[in-house]
Amino acid sequence: MIKVEGVTYKYDVKEHPALTDVTFQIEEGAYIGMIGPNGCGKTTLIKHLNGLLLPSDGNVWIDGLNTKAAKAVQEIRQKVGMVFQNPDNQIVGMSVEEDISFGPGNLELPPNEIRDRVQNSLAQVGLEGYEQRSPHTLSGGEKQLVAIAGVLAMNPSYIALDEPTSFLDPSGQKKVLEVIRKLNDQGITIVHITHDMDEIVHADNVIVLEGGKLLLNGDPRTVFTRFEWLSDLGLGTPKVTELMWRFKRMGSEIRHDILTADE
């Protein structure tokens with residue numbers, strides 16, 4: 001379980017806090033969406049989940065380990081993997097195999113175990129046979145899958161993704177989202193930052209941040225049916241939800257809490 005307790009964070013003591021008294025918890029196996037306007041603190045917040053940033057006040061607990069405890073940092077970073085917007089900033093190897101081996105290699109694992117982890121990670125993201133490919137020859141979606149595979153090679157319990165599809169074409173976006181959902185089905189807890197609300201309609205909960213504060217933490221139907229409130233924040237809703245809301249505003253007798261095309 002992840003527990004965020006009263007977290008406040010300042011990049012500079014003279015600046016306004018990037019986060020202010022943020023509290024929530026995430027159960028194991030959950031899929032959590034995180035939304036909010038640009039600059040609201042989303043990236044700052046998820047960097048606290050594996051100790052890249054430490055709270056100015058408050059605490060973050062990962063399976064009972066406090067991120068402020070120096071001795072726990074290595075274990076926490078194995079438990080919580082991070083995937084960022086631009087995979088080019090995360091890929092470090094000259095080949096796919098070398099890149100995915102980087103993390104397990106730093107743990108000084110036996111070569112056979114490292115190879116097994118590479119193979120298993122590639123299978124999980126659907127890139128079997130890509131071991132010797134050079135990352136610069138891959139599409140954007142394939143690069144992002146390699147970045148995810150590199151995280152998977154560390155056997156994480158949690159993966160935090162910061163707008164993982166924002167640089168991708170529709171095909172790459174679809175593949176990455178399919179992999180993320182499959183990993184969640186396998187029991188990995190997902191924290192997914194996005195500006196595309198359709199990506200997280202199947203989330204268990206959606207966290208809404210604004211100005212460094214947590215405004216709402218609820219299920220997708222509760223969050224996305226607050227159309228006007230989200231619009232005032234500069235945020236959208238799933239496309240189908242917006243369409244139903246507009247029909248209702250025109251006087252149609254129609255449900256406005258529909259999230260998906262199937263519904």
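The chain is numbered in sequence order, starting from 1. Just so we're clear, the structure is a prediction, and the values are computed from it rather than from any experiment.
Looking only at atom types and distance, the side chain of Asn112 has a donor-acceptor partner in the side chain of Arg115 under 3.5 Å away. Judged by distance alone, the side chains of Glu199 and Thr165 do bring a donor and an acceptor atom under 3.5 Å apart. The closest side-chain donor-acceptor pair between Gln144 and Gln90, if any, does not fall under 3.5 angstrom. For the residue pair Glu97 and Tyr130, no side-chain donor N or O sits within less than 3.5 Å of a side-chain acceptor on the partner.
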Practice prompt. Evaluate side-chain contact (heavy atoms from CB on, under 4.5 Å) for Leu145 paired with Val179, printing each intermediate quantity in order.
Written response: CA-CA 8 Å; Leu145 292 175; Val179 167; 3.7 Å; yes

Practice prompt. Might you work through the salt bridge (charged side-chain N to carboxylate O under 4.0 Å, His left out) test for Lys182 and Glu178, ending with a clear yes or no?
Written response: CA-CA 6 Å; Lys182 182 179 74 172; Glu178 286 174 349; over 6 Å; no

Worksheet item: Given the rule in the side chain to side chain donor-acceptor pair (under 3.5 Å) test, do Gln186 and Gln124 qualify, once you have shown the distances and angles that lead to the verdict?
Response: CA-CA 10 Å; Gln186 294 171 356; Gln124 285 182 281; 3.1 Å; yes

Discussion item. Could you go through Gln119 and Glu131, starting from their C-alpha distance and side-chain angles, then the distance that decides it, and tell me whether this counts as side chain to side chain donor-acceptor pair (under 3.5 Å)?
Written reply: CA-CA 8 Å; Gln119 295 300 319; Glu131 291 86 349; 3.0 Å; yes

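Separating the CH2 atom in Trp61 from the CE atom in Met1 is a distance of 13.5 Å, to the nearest 0.5 Å. In this structure, the separation between NZ on Lys10 and NE2 on His16 is 8.5 Å, given to the nearest 0.5 Å. For the atom pair Tyr11 OH and Ser56 OG, the distance stands at 10.0 Å (nearest 0.5 Å). Distance check: Leu161 CG to Leu183 CG gives 9.0 Å after rounding to the nearest 0.5 Å. Here NZ of Lys248 is found 14.0 Å from CZ of Phe227. Values are rounded to the nearest 0.5 Å.
The number of heavy-atom neighbours closer than 6.0 Å to NZ of Lys175, taken from other residues, nucleotides and ligands shown, is 12 or below. The number of heavy atoms from other shown groups lying within 6.0 Å of NZ (Lys68) is above 12. For Phe24, the CZ atom is densely surrounded, since the number of other residues' heavy atoms within 6.0 Å is greater than 12. Around the CE atom of Met94, the shell of radius 6.0 Å holds no more than 12 heavy atoms that belong to other residues, nucleotides or ligands. For CD of Gln25, the number of neighbouring non-hydrogen atoms (other residues, nucleotides, ligands) closer than 6.0 Å is greater than 12. Taking a 6.0 Å sphere around CZ of Phe247, one finds it holds 12 or fewer heavy atoms contributed by other residues, nucleotides or ligands.
Tested against Leu19 for a side-chain contact (heavy atoms from CB on, under 4.5 Å), the candidates Asp57, Leu45, Thr8, Leu214 yield a single pass: Leu45. Partner Tyr158 forms a side-chain contact (heavy atoms from CB on, under 4.5 Å) with one of Val191, Ile2, Ile76 and no other, that one being Ile2.
With hydrophobic clusters built from ILVMFWY side chains whose heavy atoms lie under 4.5 angstrom apart, Val83 shares a cluster with Leu138. Under the 4.5 Å side-chain heavy-atom criterion for ILVMFWY residues, no single connected hydrophobic cluster contains both Ile46 and Ile159. Both Leu52 and Ile26 are part of a single hydrophobic cluster, where members link through side-chain heavy atoms under 4.5 Å apart. Connection of Val201 to Trp245 is not established within any shared hydrophobic cluster, with ILVMFWY side chains joined at heavy-atom distances below 4.5 Å, either directly or through further cluster members. Cluster membership check: Ile91 shares its hydrophobic cluster with Val118, using side-chain heavy-atom separations under 4.5 Å among Ile, Leu, Val, Met, Phe, Trp and Tyr.
For the pair Lys3 and Glu27, the salt-bridge criterion is not met [side-chain N within less than 4.0 Å of a carboxylate O]. Between Asp88 and Lys143 a salt bridge is recorded (basic side-chain N to carboxylate O distance below 4.0 Å). A salt bridge links Arg246 with Glu242: the closest approach of a Lys/Arg side-chain nitrogen to an acidic carboxylate oxygen falls below 4.0 angstrom. Here Asp219 does not pair with Arg221 in a salt bridge; the nearest charged N to carboxylate O distance is not below 4.0 Å.
Nearest heavy atoms, Asn50 versus Lys47: OD1-O, 3.7 Å. Nearest heavy-atom pair, Pro135 versus Gly93, reported as atom, atom and distance to 0.1 Å: CG-O, 3.6 Å. Nearest heavy-atom pair, Gly141 versus Val176, reported as atom, atom and distance to 0.1 Å: O-CG2, 4.0 Å. The shortest heavy-atom contact between Pro37 and Lys42 is O-NZ, 3.2 Å. The heavy-atom pair separating Lys239 from Asp196 by the smallest distance is NZ-OD1, 4.3 Å. Closest non-hydrogen pair, Gly140 versus Pro87, comes out as O-CG, 4.2 Å.
Taking the side-chain contact (heavy atoms from CB on, under 4.5 Å) definition, one finds that Lys213 meets it with Thr20, sequence neighbours left out.
At distances below 3.5 Å, not a single donor-acceptor pair connects side-chain atoms of Asp204 with backbone N or O atoms of Ala30.
Below 30°, between 30° and 60°, or above 60°: for His192 and Tyr31 the angle between ring planes is between 30° and 60°, a tilted geometry.
You'll find the side chain of Ile207 stays beyond 4.5 Å of the side chain of Asn205, heavy atoms only.
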